[in-house]
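A quick note: this is a predicted structure, and the numbers were derived from the prediction, not measured.
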Amino acid sequence: SVQGSVRLSASQPVAFHLLPPILARMRQALPQVTVELVVSNSVSNLLLREADIALRMVRPEQGSLVARQIGQVRLRACASKDYLQRRGTPQVPENLAEHDLIAGDTNTEIQQGFQAMGYPASALHFGLRTDDMNVQWAAVRAGLGIGFMSEHQMQSDDRITAVLPMLNLPTLPVWLTVHRELRTSARIRAVYDFLADEVGQALQKQPANPNSLNESGPL
């Protein structure tokens with residue numbers, strides 16, 4: 001039988017929104033395997049054995065690591081229906097300057113993207129800036145402003161709706177990574193194969209057409 005502990009690393013959104021039901025099914029399929037979940041938005045170092053398996057949004061370059069792309073995560077601009085009822089729905093990207101935004105603190109990708117569209121980042125107003133992705137999601141749900149979340153997060157709450165479908169937000173690949181030597185471990189291989197199948201299926205449930213998500217019109 002496959003037994004023992006496996007250390008798994010994943011980002012906050014993946015660990016909180018995507019993994020729990022998958023881990024519940026894995027507990028039934030592999031009842032003698034204990035998962036040690038490392039939740040961090042930084043990339044855990046598999047070479048230093050900080051984790052046995054990692055779910056990453058970037059492909060590792062080290063030759064001693066084996067990586068398999070099992071899906072992708074699409075990002076969307078979104079807000080709660082209460083917020084849009086109160087503040088109105090942005091119709092074009094430049095309307096973001098009229099709204100409160102929820103974004104990273106040290107991460108400035110939103111400001112850089114706004115500048116890339118030809119608008120000054122100084123025009124943006126932030127209702128909240130934090131690098132904690134779970135807090136960002138909670139703030140969107142609370143109606144604090146417009147955030148930028150993955151589609152699988154949005155599908156978990158029908159009070160959240162997508163806005164500005166024309167925004168060219170990145171699609172992030174999801175890589176399942178393991179140290180090459182660990183592939184010979186029966187328990188590591190069993191968990192790796194289970195996650196590759198289950199996480200891949202869960203990500204495929206995201207709508208292929210972004211417009212199939214609940215889009216909010218003028219309020």
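R7 has its side chain out of reach of I53: every pair of non-hydrogen atoms, C-beta onward, lies at least 4.5 Å apart. Within the 4.5 Å cutoff, side-chain heavy atoms of M57 are placed close to those of V14. Counting heavy atoms from C-beta on, the side chains of T161 and L84 come closer than 4.5 Å. Using a 4.5 Å heavy-atom cutoff, the side chains of S11 and M133 are not in contact. Using a 4.5 Å heavy-atom threshold, the side chains of L8 and V191 count as separate.
What you find for S5 and R187 is that their closest heavy atoms are O-NE, 2.8 Å. A pairwise comparison of heavy atoms in W175 and A67 identifies CE3-CB, 3.9 Å as the closest pair. Taking each heavy atom of P90 and H99 in turn, the nearest pair found is CD-NE2, 3.8 Å. The two atoms that bring L144 and G127 nearest to each other are CD2-O, 4.1 Å, heavy atoms only. The two residues I102 and G145 make their nearest non-hydrogen contact at CD1-N, 3.6 Å. When all heavy atoms are compared, the tightest approach of A51 to S9 is CB-CB, 3.8 Å.
Judged purely by atom type and a 3.5 angstrom limit, N95 uses its side chain to pair as donor or acceptor with the backbone of V92. With hydrogens and angles disregarded, a donor-acceptor distance shorter than 3.5 Å links the side chain of R129 to the backbone of G104. Counting only distance, with no hydrogens or angles, the side chain of D52 and the backbone of V6 share no donor-acceptor pair below 3.5 Å.
With Y83 as the aromatic partner, R87 does not meet the cation-pi criteria of under 6.0 angstrom to the ring centre and within 45 degrees of the ring axis.
Residue Q32 holds its CD atom at 5.0 Å from CD of Q3, rounded to the nearest 0.5 Å. With values rounded to the nearest 0.5 angstrom, S150 atom OG is found 8.0 Å from W137 atom CH2. L164 CG to L96 CG: the interatomic distance, rounded to the nearest 0.5 Å, is 5.5 Å. From E151, atom CD reaches atom SG of C78 across 10.0 Å, with rounding to the nearest 0.5 Å. Rounding to the nearest 0.5 Å gives a distance of 5.5 Å between CG of L101 and CZ of F126. In this structure, CE in M149 is found 12.0 Å from CG in D157, a value given to the nearest 0.5 Å.
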### Task
Evaluate the side-chain contact (heavy atoms from CB on, under 4.5 Å) criterion for residues L176 and L55: first the C-alpha distance (whole Å), next the side-chain angles of each, then the deciding distance (0.1 Å), finally the verdict.
CA-CA 5 Å; L176 188 62; L55 282 164; 3.6 Å; yes
### Message
Is there a side-chain contact (heavy atoms from CB on, under 4.5 Å) between Q136 and L128? Walk through the geometry before answering.
### Response
CA-CA 8 Å; Q136 287 189 28; L128 178 68; 5.7 Å; no
### Task
Apply side-chain contact (heavy atoms from CB on, under 4.5 Å) to the pair Q69 and V174, showing each step before the final yes or no.
CA-CA 6 Å; Q69 185 175 349; V174 179; 5.8 Å; no
### Query
Going through the distances and angles, do F148 and L75 end up as a side-chain contact (heavy atoms from CB on, under 4.5 Å)?
CA-CA 6 Å; F148 304 86; L75 300 180; 5.7 Å; no
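Within the structure, the salt bridge (Lys or Arg N to Asp or Glu O under 4.0 Å) test picks out the following pairs touching residues 11-27 (sequence neighbours left out): R25-E198. For residues 162-175, no residue pair satisfies the salt bridge (Lys or Arg N to Asp or Glu O under 4.0 Å) rule, not counting sequence neighbours.
Taken together through direct or relayed side-chain contacts under 4.5 Å among Ile, Leu, Val, Met, Phe, Trp and Tyr, F16 and L203 form parts of separate hydrophobic clusters.
At a threshold of 4.0 Å, the pair D82-R86 does not count as salt-bridged, since none of the basic side-chain nitrogens sits closer than that to a carboxylate oxygen.
Applying the 6.0 Å contact sphere to CD of E109 captures no more than 12 heavy atoms from other residues, nucleotides or ligands.
In this structure F194 satisfies the ring pair (Phe, Tyr, Trp, His ring centres under 6.0 Å) test with no other residue, sequence neighbours excluded.
Side chains of T130 and D105: a donor-acceptor N/O pair is absent below 3.5 angstrom, by distance only. Between the side chains of T108 and Q111, not a single donor N or O lies within less than 3.5 Å of an accepting N or O.
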